[in-house]
Amino acid sequence: MKTLLLCEKPSAARRIAMALDDEGHPLEKKLGIVPYYESRRNGKILIIVPAIGHLYTVTPKIRNRDVYPVFDFEWVPRHEAERGAKEIKKWIDAISKLSADAEDFILATDYDIEGATLGYMILKYACGGKEDRAKRMKFSTLTTSELRSSYDKLLDSIEFPMIEAGICRHLLDAIYGINLSRALTVAAKKWSGRYSTISTGRVQGPTLKFLVDREKEINCFVPLPFWRINAKVEIAGHLFTIEFEKKVIKSQKEATEIAEACRDKKGKIVNIEVREFRQKPPVPFDLGTLQREAYSLFKYTPRRTADVAERLYLEALISYPRTSSQKLPKSINYRSILESLIRDSRYKKLAGMLLDKKDLVPNEGRKDDPAHPAIYPTGNLPERKLSVSEMRLWDLIVRRFMAAFGEPAVKQSVKVSIDVNGYIFYLKGRRVLKEGWITFYRPFMRVEDIILPPIKEGQIVEIKDLSIEMDFTKPPARYNPSSLLKRMEDEGIGTKATRAEIIDTLYTRGYISGDRAVVSELGLDVIDILDRHCPEVISVEFTRELEESMEKIQEGNEKLENVLERAVNKLTPVLLRLKKSEKQIGEELSLAIRESRMNQRIIGDCPVCGTGKLIILRSRKTGKRFLGCTSFFKHSCNVSFPLPQKGKVTAAGKVCSECGFPMIRLKLKGKRPLVICVNPNCPGKERKDSR
DNA sequence: GCAAGGTC
């Protein structure tokens with residue numbers, strides 16, 4: 001008599017199998033590509049098999065993608081709906097086979113909406129209608145003790161209300177996203193005769209709207225002039241920059257008066273304010289915080305960081321990275337991780353310092369995750385040579401982990417007030433008095449000490465280099481991939497696992513371009529059209545409403561059917577109106593698509609003439625593609641660079657750190673994208689950093 | 001070649 005235990009993913013299956021086996025040594029087996037485990041617990045045989053996330057998905061019954069509105073959706077195995085999901089069939093087949101000789105069924109996927117829903121679909125379709133008799137393991141961490149106790153206290157059934165809410169989420173997202181995307185795509189295709197994907201959705205829509213709103217703010221911004229006073233002070237033979245008490249002076253007259261009054265005057269130190277403060281260690285990484293830190297330190301996009309972290313996780317160097325937790329439960333065994341890290345010469349001293357402490361208590365953050373702890377190093381050391389990006393990210397995670405256990409840093413700030421002919425200037429210094437956690441995080445600290453020489457009140461000092469400078473107020477900054485991700489997090493749209501991908505989609509659709517995301521005409525038009533016809537889908541309120549409906553469904557106060565019916569009633573007239581306006585919308589979009597396609601061919605500024613742009617061209621003679629300068633058409637620059645002939649070439653959005661030439665992103669089929677400098681003679685070409 | 005959500 002066997003019991004089938006269904007898990008969300010292979011790593012979880014493994015942990016669960018180990019925890020539940022009486023001896024802690026489950027049999028490791030394989031059915032084709034699918035790993036599974038046989039554990040023995042109290043005389044019972046447990047077959048523990050993982051899924052790989054969702055194996056089933058919703059798809060419109062009408063497969064012709066030119067048709068809309070479509071409101072009939074069905075759940076199908078993912079490989080039937082998505083290309084590139086071939087392995088899903090093997091997983092479903094394996095689970096079906098294993099379930100055939102199982103008597104009892106236990107759902108052990110993550111205890112959240114998606115976990116419950118994906119488990120339900122597998123029990124229902126792959127296991128042959130076992131959803132009603134399956135029991136449920138409820139756990140929030142994959143620790144041995146919690147897994148055992150959740151097995152001992154099995155819930156009698158899977159959580160149907162939560163599943164109904166999950167199904168609702170899938171269907172609503174599909175109904176809105178697919179219909180509106182089809183409407184826009186079809187309109188453009190009919191007008192131009194060319195296919196180009198124009199997509200939107202519950203998360204894409206509002207995210208693009210953030211960018212468009214910012215773009216408009218920037219366009220409407222009127223810069224105002226202001227003046228500032230620059231000056232230095234000489235103390236003990238050293239020059240220090242000082243700040244005038246008012247950072248911004250609104251009139252030139254006032255600025256000039258101050259400058260006149262202070263130039264060639266001596267200053268008198270009238271006040272010295274010394275402040276000491278403690279700074280707590282940084283909290284361990286959740287995915288979003290890691291993505292932001294990696295962007296700020298290394299300029300890695302959130303997507304790249306997610307990809308690299310995924311690889312580190314698959315090689316067992318770090319814990320599960322798709323987490324929103326900033327907490328490190330004791331059960332991960334801080335000491336054993338540090339004892340393992342100590343084997344790396346770089347961490348020997350640091351890990352040793354922590355191991356000498358009596359108590360190891362991490363400074364945890366506020367954010368939590370029901371399914372996973374914060375990201376931490378497993379203590380394993382790399383078995384192969386890591387790429388530069390893998391090494392940097394691993395090092396960052398290791399040091400952040402250690403820093404979280406460090407002592408608070410003690411810092412001192414000094415503010416010296418200098419009176420110059422009645423005007424006050426500030427000289428600011430800062431220094432670290434006690435490093436504490438900074439010792440561990442040193443390579444990633446960006447603030448330098450400014451150490452002031454001994455000064456005392458009443459001292460007379462020399463003012464140097466006093467000048468006035470005119471500047472203009474600046475418009476709000478454009479989003480970059482990192483700040484956009486933060487905005488999404490703050491607004492609660494998307495998930496930790498999808499946000500980076502959705503931002504990437506906005507780039508590939510040609511809605512935005514560049515590191516400081518500039519919105520294209522196409523992006524503006526899409527938002528404009530949706531704003532006129534269907535403002536709900538570009539509003540964050542849409543997600544709020546969905547969440548409310550899901551909550552009500554879970555409480556039993558709402559039915560899935562009613563929520564869907566309301567959505568259909570809302571969307572039907574919208575889609576009909578879109579269809580009626582197809583011509584006009586098609587024209588508007590098609591023109592913008594052309595411009596967007598053109599923009600996507602631009603790789604960066606021409607490093608030779610400095611005025612033109614490098615653009616992807618095709619040789620008339622050979623048909624080969626290459627990079628040429630747009631100034632060529634004005635007969636002022638004829639520089640050209642060869643391009644790889646295979647794969648998709650896009651702008652990397654940055655210049656080479658070695659030679660300053662623009663870089664391309666080359667995506668070969670089935671491979672990870674490469675970022676390459678366009679300069680064939682780049683000095684960096686000798687060395688290797690492919691990622 | 002459509003969404004967003006899991007996961008590899």
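Quick note on labels: first sequence line is chain A, next is B, and so on, each numbered from 1. Bear in mind the structure is a predicted one, so any value in this text is a computation, not a measurement.
- Counting to the nearest Å, the P atom of B:dC2 and the CZ atom of A:F73 are 14 Å from each other.
- In this view, A:E310 and A:R322 satisfy the salt bridge (charged side-chain N to carboxylate O under 4.0 Å, His left out) rule, not counting sequence neighbours.
- Nearest nucleotide to the side chain of A:E114, out of B:dA4, B:dC2, B:dG5: B:dG5.
- Using a 4.0 Å cut-off, no side-chain N or O of A:R169 falls inside it from OP1 or OP2 of B:dA4.
- Nearer the 5' end of DNA chain B, as judged by each residue's closest nucleotide, is the contact made by A:T197, out of A:T197 and A:E87.
- Within the cation-pi definition used here (under 6.0 Å to the ring centroid, within 45° of the axis), A:K486 does not qualify as a partner of A:Y295.
- When heavy atoms are screened at a 4.0 angstrom cut-off, A:N179 is found touching no nucleic acid atom at all.
- Checking the phosphate oxygens (OP1, OP2) of B:dC8, a side-chain nitrogen or oxygen of A:R322 falls inside 4.0 Å.
- For the segment residues 491-501 of chain A, the set of residues with a heavy atom within less than 4.0 Å of an atom of DNA chain B comprises A:G494, A:T495, A:A497, A:T498, A:E501, in numerical order.
- Counted within 6.0 Å of CE on A:M598, heavy atoms from surrounding residues, nucleotides or ligands total 12 or fewer; the atom is thus considered open.
- Taking 4.0 angstrom as the limit, A:S181 places none of its side-chain polar atoms (N or O) nearer than this to OP1 or OP2 of B:dA3.
- Residue contacts for A:L184: at a heavy-atom cut-off of 4.0 Å it reaches no nucleic acid atom on any strand shown.
- With rounding to whole Å, A:L180 atom CG is found 11 Å from B:dA4 atom P.
- Contact annotation for A:E8: backbone-only contact, meaning every heavy-atom pair under 4.0 Å involves sugar-phosphate atoms and none involves a base.
- When each of A:K9 and A:T185 is assigned the nucleotide of DNA chain B bearing its nearest heavy atom, the one mapping closer to the 5' terminus is A:T185.
- Between A:K97 and A:D93, none of the side-chain N atoms (NZ, or NE/NH1/NH2) sits under 4.0 Å from a carboxylate O, so this pair counts as no salt bridge.
- Between A:E82 atom CD and B:dT7 atom C1' the separation is 11 Å, expressed in whole Å.
- Taking A:K327 as the reference, nothing meets the salt bridge (charged side-chain N to carboxylate O under 4.0 Å, His left out) condition, with sequence neighbours excluded.
- Taking atom CD1 of residue A:I502 and atom C1' of nucleotide B:dA4, one finds them 6 Å apart after rounding to whole Å.
- When only modelled atom types and interatomic distance are considered, A:D369 and A:S325 share no side-chain donor-acceptor pair under 3.5 Å.
- Checked by atom type, the side-chain pair A:T543/A:R202 shows a donor-acceptor distance below 3.5 Å.
- For the pair A:R202 and B:dC2, the criterion of a side-chain N or O lying under 4.0 Å from OP1 or OP2 is not met.
- Among the protein residues, A:Y320 comes within range of the sugar-phosphate backbone only, with heavy atoms under 4.0 Å from sugar or phosphate atoms but none that close to a base.
- The distance from atom CG of A:L172 to atom P of B:dA3 is 16 Å, rounded to the nearest whole Å.
- Rounded to an integer number of Å, the gap from A:I163 CD1 to B:dG5 P is 19 Å.
- Nucleic acid contact for A:P10: sugar-phosphate only, since backbone atoms but no base atoms lie under 4.0 Å from a heavy atom of the residue.
- The environment of NZ in A:K552 is sparse: at most 12 heavy-atom neighbours from other residues, nucleotides or ligands sit within 6.0 Å.
- When heavy atoms are screened at a 4.0 angstrom cut-off, A:S196 is found touching no nucleic acid atom at all.
- Nucleotide B:dC2 holds its P atom 18 Å from the NE2 atom of A:H170, rounded to whole Å.
- Spacing between atom NE2 of A:H372 and atom C1' of B:dT7 amounts to 10 Å, rounded to whole angstrom units.
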